[in-house]
Amino acid sequence: MTNTKSPVFVAITADGAVLGNRLAGKIPGAQLHGLEGRVADADLTFQSVKDHLHQLYKNNQTIIGMFATGIMIRMLADCLTDKLEAPAVLCIAEDGSAVIPLLGGHHGANDLARNLADHLGVVPSITTSGDAHFGIALDNPPKGWKCNDPSLAKSAMAAMLAGDPVSLQNDLTATIDVNWLTESGAKFSEVGNPAIRLSEAPCNSDFTLHPGTLVMGIGCERGATASEIAELARSILTQANLSENAIACIATIDLKEDETGILELASALDVSCRLFTAEQLETQTPRLANPSDIVFNAVGCHGVAEGAALAAAGAKGELVVAKQKSARATCAIAKAPTIINAAGSGRAVGSLTIVGIGPGDAAWRAPDATNAISAASDLVGYRLYLDLLGDLTRSSELHPYDLGQERDRCAEALALAGTGKQVALISSGDAGIYAMASLVYELIDRSDRPEWQRLSIRVIPGISALQAAAARSGAPLGHDFCAISLSDLLTPWETIEQRLKAAAQGDFVVALYNPVSKKRTGQLMSARSILLKDREPDTPVIIARNLGRENEAVTFTTLQDLHSDQVDMLTLVMIGSSQTRMIGTTGQRRWVYTPRGYEKKEQTT
């Protein structure tokens with residue numbers, strides 16, 4: 001199977017990064033990873049070339065090295081085992097004069113090499129035999145085709161290369177294009193061994209290529225198990241003598257967007273799940289073999305399994321397996337006369353990923369966050385946060401918002417995902433701390449939008465401002481702490497005062513978010529007065545501004561000397577507990593830490 005992960009361009013020099021960045025812009029979701037200290041403005045930086053390449057390789061990530069092949073070979077030598085498991089690995093000369101697929105040629109490397117070479121105006125250096133002689137790779141067929149067993153391709157390809165006759169058994173209809181194979185220059189005959197079979201039926205003896213001409217329509221009761229749905233689907237395929245490799249997609253009604261059993265079946269078959277509205281499915285009623293008034297009364301169409309299969313197969317498709325039932329699921333199969341473009345029918349299953357990007361520096365952004373942003377079709381967020389992502393947004397549609405439009409951006413992110421988009425909602429810091437995650441779930445909770453409740457939603461954490469401030473200043477969060485926002489736009493000041501008093505009396509280290517704004521300066525001084533009732537005047541205070549960004553500044557003061565003039569909305573203020581200490585050298589270096597109590601433990605043991 002071709003690697004579907006977005007490729008990573010790996011640069012270890014500034015020149016390599018320039019070319020890598022340009023090429024990454026040609027491939028949706030591609031990233032540029034750069035060696036720390038040598039490459040600026042990378043989506044992710046690393047310190048050890050070998051360790052980073054090993055990690056990408058183990059993650060089955062497509063790797064494109066913007067450096068010499070010798071470097072790549074030496075770095076990955078001890079990773080190389082089974083060629084069937086190798087991801088695509090390529091190298092590109094820094095001047096763009098050569099594109100060389102090194103590993104995983106039949107797992108997407110050769111196709112990617114051709115694509116990149118076209119952009120550079122050069123000829124790719126492809127050395128795999130089938131590609132070099134015929135321009136094809138049997139175990140990596142074109143889009144829309146799958147093979148039954150890649151290991152069976154070896155004998156057929158060897159015979160083709162030797163000029164020996166290979167029998168081509170074509171069981172398909174004449175409308176399915178097989179010119180990519182028959183006009184490759186390979187010698188085929190009606191008889192011979194080994195054989196290549198073209199069929200929608202399963203075959204265990206010959207190497208078989210299956211075109212994606214089938215759609216499996218699925219309907220089910222709410223909560224039907226994945227095992228029941230999968231058992232029904234595979235039973236029908238066996239009875240009809242159809243291969244699961246010929247299935248182009250799973251299709252169902254949009255009400256089943258969150259039905260785990262259907263989604264797991266699509267994943268197991270390595271196909272997409274396409275969704276149709278009840279109105280769309282109702283137009284298929286004249287073509288149904290088993291229209292049902294019961295189904296119509298329940299969901300608004302006369303058939304889900306048959307209707308969805310026919311809708312995805314298109315106007316010229318036909319029902320080849322009428323609806324069959326298990327206790328809680330239904331399944332039907334439709335066949336199209338040509339290979340199906342699944343993306344052209346219905347809509348995709350939408351998803352929303354709420355991403356915390358940390359302070360903004362790529363080095364402080366989690367790799368999972370970088371991957372989610374690269375994979376998103378649409379990015380929604382405060383304009384500044386999207387700007388901080390730089391070239392990482394190159395292949396996504398941007399939906400920027402101004403400060404104060406939090407509800408609008410969350411609602412748009414949900415609405416976009418509801419149309420089948422793969423959406424990333426961007427927050428600075430951690431998305432679950434004074435950020436967008438809670439508002440997203442609140443909108444789902446309070447809005448009469450069932451399609452939002454069916455969405456796949458996940459939250460990717462980021463480095464929060466309090467974590468960044470603590471890291472820059474020492475270890476002030478070594479013991480119990482809390483966070484309090486001083487903004488009274490959404491929370492009454494009386495409530496904030498109660499929380500400040502409780503934190504003071506509980507002797508917590510206190511991280512103050514939103515300490516001041518242009519129109520709101522008095523709250524910080526009120527908070528200071530409340531805390532001074534239970535804290536010593538010389539309690540250490542950290543003032544951290546623009547953390548992880550240009551003009552970052554971390555300064556130290558004491559509670560009695562804290563003043564709102566020292567702070568703005570880009571600042572986090574952290575106030576120590578009674579145990580927090582500030583230490584320093586004779587120079588200007590200072591640290592703030594809060595002991596956990598190990599000294600007392602040692603004294604009692």
Side-chain angles (χ1 to χ4, degrees), residues 1 138-139 141-150 152-153 168-178 181 195-220 226-252 261-274 276 284 287-290 303-326 329-342 345-346:
M1 183 181 70
L138 292 179
D139 57 356
K143 184 179 180 181
W145 293 80
K146 291 182 181 178
C147 60
N148 60 337
D149 184 350
L152 294 176
L168 183 62
Q169 306 296 323
N170 189 349
D171 301 333
L172 305 175
T173 60
T175 52
I176 298 176
D177 182 12
V178 295
L181 182 61
I196 297 175
R197 186 175 297 276
L198 308 179
S199 178
E200 287 142 339
C203 180
N204 296 323
S205 56
D206 296 330
F207 176 74
T208 306
L209 291 164
H210 304 283
T213 57
L214 305 179
V215 178
M216 180 173 283
I218 300 288
C220 69
S227 59
E228 178 181 348
I229 294 173
E231 184 177 345
L232 174 63
R234 292 198 162 91
S235 173
I236 289 176
L237 287 170
T238 300
Q239 293 173 30
N241 194 36
L242 295 171
S243 171
E244 65 180 48
N245 288 318
I247 296 175
C249 63
I250 299 295
T252 189
I262 296 177
L263 298 177
E264 287 189 8
L265 176 63
S267 177
L269 296 177
D270 191 29
V271 296
S272 63
C273 181
R274 307 302 297 182
F276 296 85
Q284 303 297 323
R287 306 170 68 193
L288 302 183
N290 299 284
V304 172
E306 291 182 352
L310 288 166
K316 295 182 179 181
E318 60 180 11
L319 202 62
V320 293
V321 179
K323 178 177 67 176
Q324 296 190 28
K325 300 179 180 180
S326 64
T330 59
C331 179
I333 299 176
K335 177 182 175 181
T338 58
I339 289 177
I340 295 168
N341 174 20
S345 61

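Hydrogens, waters and symmetry mates are skipped; everything else that's a heavy atom, side chains included, is used.
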key: Side-chain heavy-atom pair Ile250, Leu269 within 4.5 angstrom cut-off   = yes
query = So which heavy atom on Ala289 is nearest to which on Leu319, and how close?
reply = CB-CD2, 3.8 Å
key: Leu209 side chain near Ile196 side chain, heavy-atom distance below 4.5 Å   = yes
query = Looking only at heavy atoms, what is the nearest atom pair of Pro211 and Leu172, with distance?
reply = CG-CD2, 3.7 Å
Distance-minimising heavy-atom pair for Cys331 and Ile218 = SG-CD1, 3.8 Å
ask   = Is any side-chain heavy atom of Phe276 closer than 4.5 Å to a side-chain heavy atom of Val304?
value = no
task = To the nearest 0.5 angstrom, please state how far the CG atom of Leu168 sits from the CZ atom of Arg197.
result = 10.0 Å
Straight-line distance of Cys203 SG to Gln169 CD, nearest 0.5 Å = 10.0 Å
key: side chain to side chain contact (heavy atoms under 4.5 Å, CB included) assessment of Asp149 paired with Asn204   = CA-CA 8 Å; Asp149 184 350; Asn204 296 323; over 6 Å; no
task = Output the distance between atom CG (Leu242) and atom CZ (Arg234), rounded to the nearest 0.5 Å.
result = 14.0 Å
Side chain Arg274, main chain Val215, donor-acceptor under 3.5 Å = no
query = Heavy-atom distance under 4.5 Å between the side chains of Ile262 and Met216, does that happen here?
reply = no
ask   = Mind checking what makes side chain to side chain donor-acceptor pair (under 3.5 Å) contact with Ser235, not counting sequence neighbours?
value = Gln239
inquiry  = Under 3.5 Å, is there a donor on one side chain and an acceptor on the other for Glu306 and Asn290?
reply    = yes
ask   = Does a donor on one side chain sit under 3.5 Å from an acceptor on the other, for Glu200 and Thr213?
value = yes
Closest contact, heavy atoms only, Cys249 versus Ala342 = CB-CB, 3.8 Å
query = What pair of heavy atoms forms the shortest contact from Ala309 to Ala251, and how long is it?
reply = N-CB, 4.4 Å
key: Check: Glu228 main-chain N/O paired with Ser326 side-chain donor or acceptor under 3.5 Å   = no
ask   = Between CD1 of Ile339 and CG of Asn341, what distance do you get to the nearest 0.5 Å?
value = 10.5 Å
ask   = So how far is it from Thr252 OG1 to Leu263 CG, rounded to the nearest 0.5 Å?
value = 9.5 Å
key: Side-chain heavy-atom pair Ile176, Trp145 within 4.5 angstrom cut-off   = yes
Listed once per pair and sorted, the side-chain hydrogen bond (donor to acceptor under 3.5 Å, both in side chains) pairs that draw on residues 308-325, sequence neighbours left out = none
ask   = Do Cys220 and Thr330 have side-chain heavy atoms sitting under 4.5 Å apart?
value = no
ask   = Between Ala230 and Leu265, which heavy-atom pair has the shortest distance, and what is it?
value = CA-CD1, 4.2 Å
message = Distance check, rounded to the nearest 0.5 Å: Leu288 atom CG versus Leu310 atom CG?
response = 6.5 Å
ask   = If we only count heavy atoms from C-beta on, is the Ile333 to Leu237 side-chain gap below 4.5 Å?
value = yes
ask   = Can you name the side-chain contact (heavy atoms from CB on, under 4.5 Å) partners of Asn148, sequence neighbours left out?
value = Leu152, Phe207, Thr208, His210, Asn245
